[in-house]
Each structure stands twice: as structure tokens, then as C-alpha cells.
Visitor: 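The structure's right below; bear with me while I get my questions together.
A, B, ... follow the sequence lines: proteins, then strands. Residue 1 opens every chain.
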Amino acid sequence: MPNKNFYITTTLPYINAEPHIGFAKEIINADVIARYHALKGDDIFFNTGTDEHGLKIYQKAQGLGVSVDKYCDDSALKFKVLQELLNLSCNSFIRTTDVKHVAAAQEFWRRCEKNGDIYKKKYSTKYCVGCELEKTDSELVDGRCPLHPNAELEIIDEENYFFRFSAYQKKLLKFYEENPEFVVPNHRFNEIKNFVAGGLQDFSVSRLKEKMPWGITVPGDDNQVMYVWFDALVNYISCLGWPNETAEFKNFWPGVQVCGKDNLRQQTAIWQAMLMSAGVANSKQVLVFGFLTLNGQKISKSLGNTIDPRELVEKYGVDPVRYYLLKEVSTFEDGDFSYEKMEKLYNADLANGLGNLVARTSNLLEKNEIELQLVENSDTDFSRAVFAALDEYNFSEALKIVWEKIKQSDEFLSQTTPWKMTEKEQITNTLRPVAQNILNIAYCLQAFLPETAKKILRQFSYAQVKKGDSLFPKIV
RNA sequence: CGCGGGGUAGAGCAGUUGGCAGCUCGCCAGGCCCAUAACCUGGAGGUCGUCGGUUCAAAUCCGACCCCCGCAACCA
């Protein structure tokens with residue numbers, strides 16, 4: 001079977017806030033998909049990065065008394081370290097301040113302009129710096145932005161460039177119809193279809209440079225910079241080298257994009273219209289994930305209940321954090337995080353489940369000096385069942401199937417009681433299928449818990465398996 | 001008539017081509033003793049939000065209503 005090329009990209013988090021657990025979920029989900037495809041033998045391009053332009057960034061840097069460049073460098077680093085922290089398999093980290101991205105965004109603009117989709121218009125509107133957005137009166141509460149009541153609204157009265165979004169209503173609807181798998185899950189697809197069918201308004205895609213210098217200069221107009229959204233979306237192809245006819249771009253675009261549910265419009269409508277305008281192929285698929293709550297409450301800075309992935313990883317380890325987000329939180333619906341649930345799940349599934357099974361089995365193997373020849377992925381019915389759930393992005397179900405195998409193995413040991421046996425051959429024959437199960441489990445877990453899978457594969461690759469350290473010490 | 005999600009055992013959830021109501025945690029009783037005080041077996045516990053309809057049969061399909069939670073060109 002020839003290798004296929006598989007491209008997946010996250011959205012780029014905006015660097016004005018610390019990385020939070022919601023984005024961790026998004027990127028871990030993407031990582032599982034990428035690792036799964038790698039396991040199948042596909043060639044992978046896995047992109048993430050940072051979104052760094054816009055007024056909010058500019059003002060924040062000024063407030064801190066540092067140069068914008070330095071502020072961006074420092075902030076981008078906080079996101080880049082997630083790759084190691086969360087054990088991600090990304091091979092591309094793009095920053096919207098990268099030279100190649102800036103050039104790509106400008107070329108993208110030129111193509112949209114050439115196609116007649118960018119025009120200049122004078123307008124006046126209220127603008128919330130906190131949201132980086134213009135606000136309509138209907139969105140305001142007491143004349144203030146409800147999300148940022150402490151920020152003064154700015155009245156913008158200027159001439160900006162607009163993108164002819166309205167021209168793409170029919171084309172988008174046709175595209176959706178022709179690609180029934182384009183947005184997953186289906187209820188999000190319906191949502192965006194309804195939105196587009198309801199009519200589209202052109203939106204502004206530039207700002208006056210004198211008011212907002214931190215952006216990419218509009219080609220042919222030194223007085224204007226691109227609106228941050230317009231510039232940022234181009235990253236999904238600039239990271240592949242576009243507009244150059246690179247091998248990466250030819251081999252990997254179009255790809256799969258993932259995003260949080262707040263980003264539905266940007267990814268599935270605005271960006272798709274932009275691609276059509278620039279004459280670039282549309283994305284292959286967009287996966288729209290749910291949100292996380294913390295102890296049942298919405299996570300937000302104003303509530304002060306944000307949670308830093310680094311803190312979690314330091315406390316529990318990478319794989320337990322990945323496990324929680326994959327098993328306990330459904331892929332497309334909202335989910336909840338709490339330390340209490342984290343620790344319960346850790347003990348039940350990782351310490352008492354997988355960790356204990358590996359410990360008791362390897363201990364019996366070592367103590368009885370059993371030698372085995374095991375085969376990786378010997379039970380293809382099992383791995384197929386796991387992968388079938390993965391094909392539907394149902395990570396929780398996939399892990400459930402794996403854990404059923406763990407339970408079966410524990411049951412088998414209890415029934416056969418190999419620790420009572422005296423004949424080495426009998427012990428060997430009893431432990432062999434259990435050890436083989438563990439190896440098969442580890443094979444499948446490579447997509448989910450890469451570190452743990454690696455440890456087990458290594459431990460069970462020797463003819464004489466040793467007990468080794470416990471994988472997940474119980475939390476007491 | 002804005003859009004969407006949800007309401008299933010004490011808690012957290014799974015379960016729609018309609019067919020005996022499931023999983024994890026917790027609780028009770030027993031077993032085992034290789035293993036990380038772990039593991040195995042059995043048990044208690046649910047009028048599947050409410051009301052009505054279709055059907056031999058409804059958590060699942062249809063209609064009305066109640067209650068929670070997001071979103072509303074916007075935050076992952």
C-alpha cells in the first residue's frame with residue numbers, strides 16, 4: 001500500500017493570553033489523529049504556531065515597556081514549549097510574524113484583490129480593543145462591551161479595505177453540498193450552513209497604520225495594515241511554503257483543520273471564501289471541538305479560573321493529562337475538568353488498570369524466568385476495532401475498547417491463577433496470551449499515550465521481560 | 001418565532017437503522033493474595049426532564065411543554 005500524505009493543523013492561538021487547557025485539548029486531539037495516521041504509514045505534516053499581530057498585542061507590549069518583537073518572541077515561546085510538554089508530534093510551528101508568512105499573507109491579499117474581492121470603503125463604527133472587533137449597538141450593554149466593560153470603546157471613522165464576503169454565499173453553500181463530510185460534527189455543519197444561508201456581509205480587513213502599526217502592510221498601500229484575522233488564516237498554507245510551488249504545498253494541501261467551536265465561522269466560512277477568492281483549493285475537512293469547563297464553570301480570565309497545562313503535566317505527567325482529555329472529555333461536545341475527576345480517573349484506569357496489569361504480569365514473568373517471543377499487533381481484530389473508533393474521532397470509545405482488553409486480562413489472570421502453578425511450561429502458556437495482550441494494547445496506545453506505549457513496547461520487546469518501575473504510581 | 005447543546009442509578013457519563021436499561025467512581029457482601037492496600041465475583045440503587053401520540057414493542061420516532069448551559073460575525 002502506497003503511503004498517503006496527511007496534513008493536519010490546529011488554529012493558531014493568540015499570544016496575548018497564557019496557553020490554557022482548552023487549547024491543550026485541541027492540540028492533543030490533533031496529535032492523536034496525526035500519530036494515528038503515522039501509525040498507518042502515512043507521511044505527516046502537522047502544523048501549529050502563534051497568531052501575533054493586532055492592537056491587543058501592541059498595547060500589551062507597550063504596557064509592559066518592552067518592544068513588540070520581544071513581547072512576541074517571549075510569548076510565542078510559551079506556546080512552543082507545549083510541543084515538548086504535551087509530547088506532540090508537530091513538525092511545523094509557524095508564527096504570523098515569520099518572514100515567509102508575511103510574504104504569503106501579502107501575496108494572498110494581492111490575489112483576492114486581483115479577483116475583485118477587496119475594495120475600499122469609508123465607515124464609522126465602535127470598536128472594542130479587548131475583542132479586537134467592531135461592535136454593533138445591539139451587542140453593547142450600557143454603551144460598553146459586555147465582555148470588556150473596563151475598556152473604552154473607540155469610535156472608528158476611517159476608510160478601510162473590505163473583503164467581498166457577500167459574493168461567496170452561493171459558492172459556499174454549493175461547496176458544503178458537494179462535500180457532506182466537510183465539517184464534523186454534523187450539528188456544527190448545520191449551524192454554519194444556516195449562518196451562510198442567512199446572508200453574508202462584507203467585513204473590513206484592514207486598519208489605518210497610524211492607529212495600529214502592528215500588522216502586515218497592505219500591498220500597495222503603506223498607510224494600512226491587514227486586519228489580524230485576514231493575516232492569521234493564511235498560516236495554514238504559508239506554513240507549507242505557499243505561494244511557492246513547494247513540494248510540501250503540492251503534497252499536503254488541502255488538509256484537515258481542527259478548531260474550537262468559537263472558531264466555526266472563521267474556519268468553515270470566512271477562510272473558505274478567502275481560499276476561493278485567491279484561487280486556492282478549499283480545506284479538506286474541519287473538525288470542530290467542544291469547550292472545557294472547570295468544575296462546571298466556564299473558563300475565563302475574568303473568573304480567574306484558568307488552568308495552566310504545565311501545572312497539570314508537572315503534577316500528573318503528560319500521559320495522564322492526555323488520557324483525561326481524550327477519555328473523559330468527548331471530542332465534539334463540551335466537557336469538564338476537575339482535579340478530583342483527574343485523580344479518580346488516574347487511579348482507576350492508569351494506576352489500578354494499565355499500570356497494575358503490566359506490573360503483575362511482568363513480575364510473574366521475571367520471577368519465573370519465562371522467555372517469550374511476542375509479535376507486535378498480533379490481534380488485528382482488536383486494533384481494527386480501536387482504529388474504527390479513531391476513524392470517527394471517537395477517542396473515548398477507542399480507549400474504552402483498549403481498557404476492556406485490560407479488564408479481560410485481569411479476569412483471565414484471576415481465573416487461571418498462574419502464581420499457584422509449578423510447571424514452567426504451564427506458567428508460560430498461561431502468561432503468554434496476557435503478555436501478548438499487553439503488547440497489542442501498547443501498539444494501539446502509541447497514538448494516545450506515546451510515552452507509556454514506548455515504555456511498554458520496550459519492556460515487552462525482550463525475550464525475558466523484567467518488572468521495571470511502575471508506570472503510574474497510585475495517588476493517595 | 002435568533003442558533004446550538006444537554007436533562008438516563010448517589011456522582012460523572014455511554015447508549016437513536018425502535019427489541020430484556022449499560023459503564024466508571026462510590027456503597028454493601030464474598031473471593032483471591034501474583035500485582036501499585038492492587039485484582040476477581042455477586043448485590044443494592046433508575047417511573048431514561050414532563051405530558052400526549054405512533055407501534056406488538058419507545059431512552060430511541062412524532063408533537064407540545066418545563067429546566068440547565070453555551071453562542072449571537074466573538075473567546076480554544
Side-chain angles (χ1 to χ4, degrees), chain A residues 10-14 16-17 19-27 29 128 130-136 138-139 145-148 165 185 187-188 190-192 194-195 198 200-203 229 258-266 269-270 288-293 296-302 327-330 332-336 338 340-341 343-345 347-368 394 396-397 400 403-404 406-407 409-421 427 431 434 467 469-476:
Chain A
T10 68
T11 52
L12 300 193
Y14 200 49
N16 82 315
H20 84 62
I21 189 168
F23 180 66
K25 171 179 143 80
E26 175 181 329
I27 199 161
N29 284 352
C128 173
C131 300
E132 289 267 10
L133 273 180
E134 296 133 23
K135 293 282 163 176
T136 58
S138 65
E139 293 177 83
C145 169
L147 299 175
H148 303 89
F165 193 33
H187 65 258
R188 294 283 169 231
N190 289 335
E191 200 175 332
I192 198 63
N194 288 338
F195 168 70
L200 301 177
Q201 287 172 32
D202 297 352
F203 56 89
W229 281 109
V258 303
C259 67
K261 65 181 183 182
D262 56 297
N263 245 279
L264 180 70
R265 284 173 187 173
Q266 268 72 34
I270 294 176
V288 187
F289 301 142
F291 273 9
L292 275 177
T293 54
Q297 274 192 315
K298 184 181 167 174
I299 298 177
S300 77
K301 276 194 291 181
S302 56
K327 175 75 191 301
E328 195 68 15
V329 180
S330 84
F332 297 112
E333 303 305 321
D334 291 355
D336 186 55
S338 77
E340 196 191 342
K341 278 192 267 191
E343 298 191 359
K344 268 186 179 171
L345 191 72
N347 279 338
D349 288 8
L350 298 176
N352 299 347
L354 179 60
N356 185 56
L357 175 67
V358 169
R360 67 196 300 210
T361 307
S362 55
N363 180 59
L364 288 167
L365 288 169
E366 179 173 354
K367 217 163 62 177
N368 292 289
N394 194 340
S396 182
E397 177 64 22
K400 209 169 139 194
W403 256 255
E404 271 162 22
I406 292 172
K407 191 173 173 57
S409 303
D410 274 326
E411 284 169 19
F412 180 79
L413 285 176
S414 292
Q415 282 161 16
T416 53
T417 60
W419 50 88
K420 287 181 182 169
M421 297 171 181
I427 299 173
L431 292 180
V434 177
K467 187 173 178 193
D469 297 331
S470 75
L471 290 170
F472 304 104
K474 187 157 181 167
I475 299 171
V476 284

Visitor: On a whole-Å scale, what distance lies between the C1' atoms belonging to C51(B) and G10(B)?
Guide: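 Nearest-Å result for C51(B) against G10(B) at atom C1': 27 Å.
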Visitor: What are the atom names and distances for every N/O pair under 3.5 Å that joins the protein to nucleotides 67-71 of chain B?
Guide:
from   : atom 1 : to        : atom 2 : distance (Å)
G70(B) : O2'    : Lys261(A) : NZ     : 3.2
C71(B) : OP1    : Lys298(A) : NZ     : 2.4

Visitor: Can you tell me if the side-chain N/O atoms of Lys327(A) get under 4.0 Å from OP1 or OP2 in U24(B)?
Guide: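 Checking Lys327(A) against U24(B): no side-chain N or O falls below 4.0 Å of OP1 or OP2.
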Visitor: What nucleic acid atoms does Lys25(A) come within less than 4.0 Å of, heavy atoms only: base, sugar-phosphate, or nothing?
Guide: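 Counting heavy atoms under 4.0 Å across all strands, no contact is made by Lys25(A).
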Visitor: P atom, C56(B) versus G18(B): distance in rounded Å?
Guide: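 About 15 Å, rounded to a whole number of Å.
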Visitor: Could you state the CG-P distance from Asn194(A) to G5(B), rounded to the nearest angstrom?
Guide: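 Atom-to-atom, Asn194(A) to G5(B), this comes out as 10 Å.
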Visitor: Could you check how far CD of Glu333(A) sits from P of G12(B), rounded to whole Å?
Guide: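 Taking atom P of G12(B) as the reference, CD of Glu333(A) is at 17 Å.
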Visitor: Of all the nucleotides listed (C32(B), A73(B), U36(B)), which has the minimum atom distance to the side chain of Leu200(A)?
Guide: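 So the side chain of Leu200(A) is nearest to A73(B).
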Visitor: Taking the nucleotide of RNA chain B with the nearest heavy atom to each, does Asn347(A) or Lys400(A) sit closer to the 5' end?
Guide: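 Its nearest nucleotide lies further toward 5', so the answer is Lys400(A).
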Visitor: Of all the choices, A76(B), C75(B), G12(B), which nucleotide is nearest to the side chain of Phe23(A) once you look at every atom?
Guide: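 Nearest listed nucleotide: A76(B).
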Visitor: Please examine the side chains of Leu350(A) and Leu345(A), heavy atoms only from C-beta on, and report whether any two atoms are closer than 4.5 Å.
Guide: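 No, every pair of side-chain atoms sits at 4.5 Å or beyond.
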Visitor: Given Leu264(A) and Phe195(A), is the side chain to side chain contact (heavy atoms under 4.5 Å, CB included) satisfied, shown in steps?
Guide: CA-CA 10 Å; Leu264(A) 180 70; Phe195(A) 168 70; over 6 Å; no
Visitor: Lys467(A) has a side chain; which of U36(B), C33(B), C40(B) sits nearest to it?
Guide: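 Between U36(B), C33(B), C40(B), the one nearest the side chain of Lys467(A) would be U36(B).
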Visitor: For Leu345(A) and C23(B), what is the distance between atoms CG and C1' respectively, to the nearest whole Å?
Guide: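 After rounding, the reported distance stands at 13 Å.
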Visitor: Looking only at the side chain of His187(A) (C-beta and beyond, no hydrogens), which of the listed nucleotides C40(B), G4(B), U36(B) gets closest?
Guide: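 It is G4(B).
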Visitor: Could you give the distance separating C39(B) and C25(B) at their P atoms, to the nearest angstrom?
Guide: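 My reading of the P atoms in C25(B) and C39(B) gives 8 Å.
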Visitor: Assign Lys344(A) to base, sugar-phosphate, or nothing according to its heavy-atom contacts below 4.0 angstrom with the strands shown.
Guide: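 Sugar-phosphate, backbone atoms only, no base.
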Visitor: Ala359(A) has a side chain; which of C39(B), A73(B), U36(B) sits nearest to it?
Guide: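 Of C39(B), A73(B), U36(B), U36(B) is nearest to the side chain of Ala359(A).
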Visitor: Quantified in whole Å, what is the P atom distance between nucleotide C23(B) and nucleotide U41(B)?
Guide: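 Taking atom P in both C23(B) and U41(B), they lie 11 Å apart.
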Visitor: Where the side chain of Asp262(A) is defined as all heavy atoms beyond and including C-beta, which of C75(B), C34(B), A73(B) is the nearest nucleotide?
Guide: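 The answer is C75(B), which lies nearest to the side chain.
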Visitor: Applying side chain to side chain donor-acceptor pair (under 3.5 Å), can you list everything that pairs with Asp334(A), at least two apart in sequence or on another chain?
Guide: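 Side chain to side chain donor-acceptor pair (under 3.5 Å) list for Asp334(A), sorted by chain: Lys261(A).
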Visitor: Please classify the nucleic acid contact of Ile270(A) as base, sugar-phosphate, or nothing, using heavy-atom distances under 4.0 Å.
Guide: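 Here Ile270(A) touches no strand at all.
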Visitor: At under 4.0 Å, does any side-chain N or O of Lys420(A) touch on OP1 or OP2 of C33(B)?
Guide: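 True: Lys420(A) side-chain N/O within range (under 4.0 Å) of C33(B) OP1/OP2.
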Visitor: Report the relative orientation of the aromatic rings in Phe203(A) and Phe165(A); use parallel for angles under 30°, tilted for 30 to 60°, perpendicular for over 60°.
Guide: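 Perpendicular.
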Visitor: Output yes when a side-chain donor or acceptor of Glu26(A) lies under 3.5 Å from a complementary backbone atom of Thr11(A), and no otherwise.
Guide: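 It does hold such a pair.
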Visitor: Considering only the C1' atoms, how many Å lie between C27(B) and C69(B), rounded to the nearest integer?
Guide: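 It comes out at 31 Å once rounded to the nearest Å.
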Visitor: Looking only at atom P, what distance separates U54(B) and G43(B), rounded to whole Å?
Guide: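 Looking at atom P only, U54(B) and G43(B) are 38 Å apart.
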Visitor: Quick one: Lys474(A) NZ to C25(B) P, roughly how many Å, whole number?
Guide: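 Roughly 10 Å, once rounded to whole Å.
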Visitor: When you measure from the side-chain N and O atoms of Asn190(A) to the phosphate of C3(B), is any distance below 4.0 Å, counting only OP1 and OP2?
Guide: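 Result: no.
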Visitor: So do the side chains of Arg360(A) and Trp419(A) get within less than 4.5 Å of each other, counting heavy atoms only?
Guide: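 Yes. Closest side-chain heavy atoms under 4.5 Å.
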Visitor: May I ask you to say what Phe165(A) touches in the nucleic acid, namely base, sugar-phosphate or nothing, with a heavy-atom cut-off under 4.0 Å?
Guide: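 The answer is base, as Phe165(A) lies within the cut-off (heavy atoms under 4.0 Å) of a base atom.
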Visitor: Report the distance from atom CE of Met421(A) to atom P of C33(B), rounded to the nearest whole Å.
Guide: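 Going from Met421(A) (CE) to C33(B) (P), I get 13 Å.
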Visitor: Just call it for Ala348(A): base, sugar-phosphate, or nothing, with non-hydrogen atoms closer than 4.0 Å on any strand.
Guide: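 Result for Ala348(A) = sugar-phosphate.
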Visitor: Side chain of Ser470(A), heavy atoms from C-beta onward: which of U36(B), C75(B), C40(B) has the nearest atom to it?
Guide: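 Selected nucleotide: U36(B).
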Visitor: Is Leu264(A) touching bases, backbone alone, or none of the nucleic acid, heavy atoms closer than 4.0 Å?
Guide: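 No contact at all - Leu264(A) keeps every heavy atom at 4.0 Å or more from the nucleic acid.
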Visitor: Identify whether the distance between the nearest side-chain nitrogen and carboxylate oxygen of Lys407(A) and Glu404(A) falls below 4.0 Å.
Guide: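 Judged by the 4.0 Å cut-off on N to carboxylate O distance, Lys407(A) and Glu404(A) do not form a salt bridge.
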Visitor: Does Phe23(A) form a side chain to side chain contact (heavy atoms under 4.5 Å, CB included) with Thr10(A)? I'd like the steps, not just the answer.
Guide: CA-CA 9 Å; Phe23(A) 180 66; Thr10(A) 68; 4.0 Å; yes
Visitor: G12(B) and G26(B): how far apart are their C1' atoms, nearest whole angstrom?
Guide: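 It works out to 11 Å between them.
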Visitor: Taking Watson-Crick (N1-N3 plus N6-O4 or O6-N4) and G-U wobble (N1-O2, O6-N3), each under 3.5 Å, can you produce the dot-bracket string of RNA chain B? Use [ ] for crossing pairs and | for inter-strand ones.
Guide: .(((((((.[[[[.)...(..]]]].(((((.......))))).....[[[[[..)....]]]]])))))).....
Visitor: Give Gly260(A) one of three labels, base, sugar-phosphate or nothing, depending on what nucleic acid heavy atoms sit under 4.0 Å from its own.
Guide: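 It contacts sugar-phosphate atoms only.
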Visitor: Reading RNA chain B from 5' onward, which residue's closest nucleotide shows up sooner: Ala351(A) or Asp336(A)?
Guide: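 That would be Asp336(A).
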Visitor: Counting only side-chain N and O atoms of Lys407(A), is one of them less than 4.0 Å from OP1 or OP2 of C40(B)?
Guide: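 The answer is yes; a side-chain N or O of Lys407(A) sits under 4.0 Å from OP1 or OP2.
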Visitor: Give Gln201(A) one of three labels, base, sugar-phosphate or nothing, depending on what nucleic acid heavy atoms sit under 4.0 Å from its own.
Guide: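 Base contact.
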Visitor: Counting only side-chain heavy atoms from C-beta out, which of G5(B), C34(B), C33(B) sits nearest to Arg360(A)?
Guide: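 Minimum distance to the Arg360(A) side chain belongs to C34(B).
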Visitor: For U17(B) and A58(B), measure between their C1' atoms and round to the nearest Å.
Guide: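 Looking at atom C1' only, U17(B) and A58(B) are 15 Å apart.
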